[in-house]
S.K.: 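My structure is below; once you've seen it, I'll send some questions.
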Amino acid sequence: MLLNNIDKLHTTKMGIDRIKKNLNINTDVVEYCKNKILNENCVINKKGKNYYCKIDNIIITVNSYSYTIITAHKC
């Protein structure tokens, strides 16, 4: 499960740029996403190979095998 492996969460350089642009943030993307995912109000669903974490009108997509943050966007 994602929460049991939260320390493995990471992203790529392209992922960092994409997420910063999509969410209009200028902070550490991995820490930002970790904090959102760990929030008790975050709803996590697994569909296929990805986890979809929804909180505060944001959806964070994480690969369930590599724990790579693929993208995050406002919904």
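One-based numbering along the sequence shown.
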S.K.: Do Val30 and Ile37 share a hydrophobic cluster, counting only Ile, Leu, Val, Met, Phe, Trp and Tyr and linking them when any side-chain heavy atoms are less than 4.5 Å apart?
M.R.: yes
S.K.: So do the side chains of Val43 and Ile55 get within less than 4.5 Å of each other, counting heavy atoms only?
M.R.: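 When only atoms from C-beta onward are counted, Ile55 and Val43 do not touch, as no gap falls below 4.5 Å.
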S.K.: At what distance, to the nearest 0.5 angstrom, does NZ of Lys34 lie from CG of Asp28?
M.R.: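 CG of Asp28 is found 8.5 Å from NZ of Lys34.
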S.K.: Provide the closest heavy-atom pair for Tyr52 versus Asn50 in the form atom of the first, atom of the second, distance.
M.R.: OH-ND2, 3.4 Å
S.K.: What are the two closest non-hydrogen atoms of Met1 and Tyr67, and how far apart are they?
M.R.: O-OH, 4.2 Å
S.K.: Looking at Ala72 and Leu23, what are the two nearest heavy atoms and their distance?
M.R.: CB-CD1, 3.8 Å
S.K.: Going by the salt bridge (charged side-chain N to carboxylate O under 4.0 Å, His left out) test, which pairs reach into residues 52-73, not counting sequence neighbours?
M.R.: Lys36-Asp56
S.K.: Distance check, rounded to the nearest 0.5 Å: Cys75 atom SG versus Ile59 atom CD1?
M.R.: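 With rounding to 0.5 Å, SG (Cys75) is 4.0 Å from CD1 (Ile59).
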S.K.: For residues 9-18, tabulate all N or O donor-acceptor pairs below 3.5 Å that involve a side-chain atom, not counting sequence neighbours.
M.R.:
unit_1, atom_1, unit_2, atom_2, d
His10, ND1, Lys8, O, 2.9
His10, NE2, Thr68, OG1, 2.9
Thr11, OG1, Ile69, O, 2.7
Thr12, OG1, Gly15, N, 2.9
Lys13, NZ, Asp17, OD1, 3.0
Lys13, NZ, Asp17, OD2, 3.4
Arg18, NE, Ile70, O, 3.2
Arg18, NH2, Ile70, O, 2.8

S.K.: Should the heavy atoms of other residues, nucleotides or ligands under 6.0 Å from CG of Asn4 be counted, would the total exceed 12?
M.R.: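 Yes - once you tally the heavy atoms of other residues, nucleotides and ligands closer than 6.0 Å, there are more than 12.
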S.K.: Is the count of non-hydrogen atoms from other residues, nucleotides or ligands lying under 6.0 Å from Asn24 atom CG greater than 12?
M.R.: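 Check fails, neighbour count at 12 or below.
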S.K.: Below 4.5 Å, heavy atoms only, C-beta onward: do His73 and Ile58 meet side chain to side chain?
M.R.: no
S.K.: Which residue pairs pass the salt bridge (charged side-chain N to carboxylate O under 4.0 Å, His left out) test when at least one of the two sits in residues 58-75, sequence neighbours left out?
M.R.: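 Counting only pairs at least two positions apart or across chains, no salt bridge (charged side-chain N to carboxylate O under 4.0 Å, His left out) contact touches residues 58-75.
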S.K.: Just one of Thr61, Leu2, Asn45 clears the side chain to side chain contact (heavy atoms under 4.5 Å, CB included) bar with Cys53, so which one?
M.R.: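 The side chain to side chain contact (heavy atoms under 4.5 Å, CB included) with Cys53 is passed solely by Leu2 among Thr61, Leu2, Asn45.
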S.K.: So which of Leu38, Ile25, Val62, Ile60 actually passes side chain to side chain contact (heavy atoms under 4.5 Å, CB included) with Cys33?
M.R.: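 Single side chain to side chain contact (heavy atoms under 4.5 Å, CB included) partner of Cys33 among Leu38, Ile25, Val62, Ile60: Ile60.
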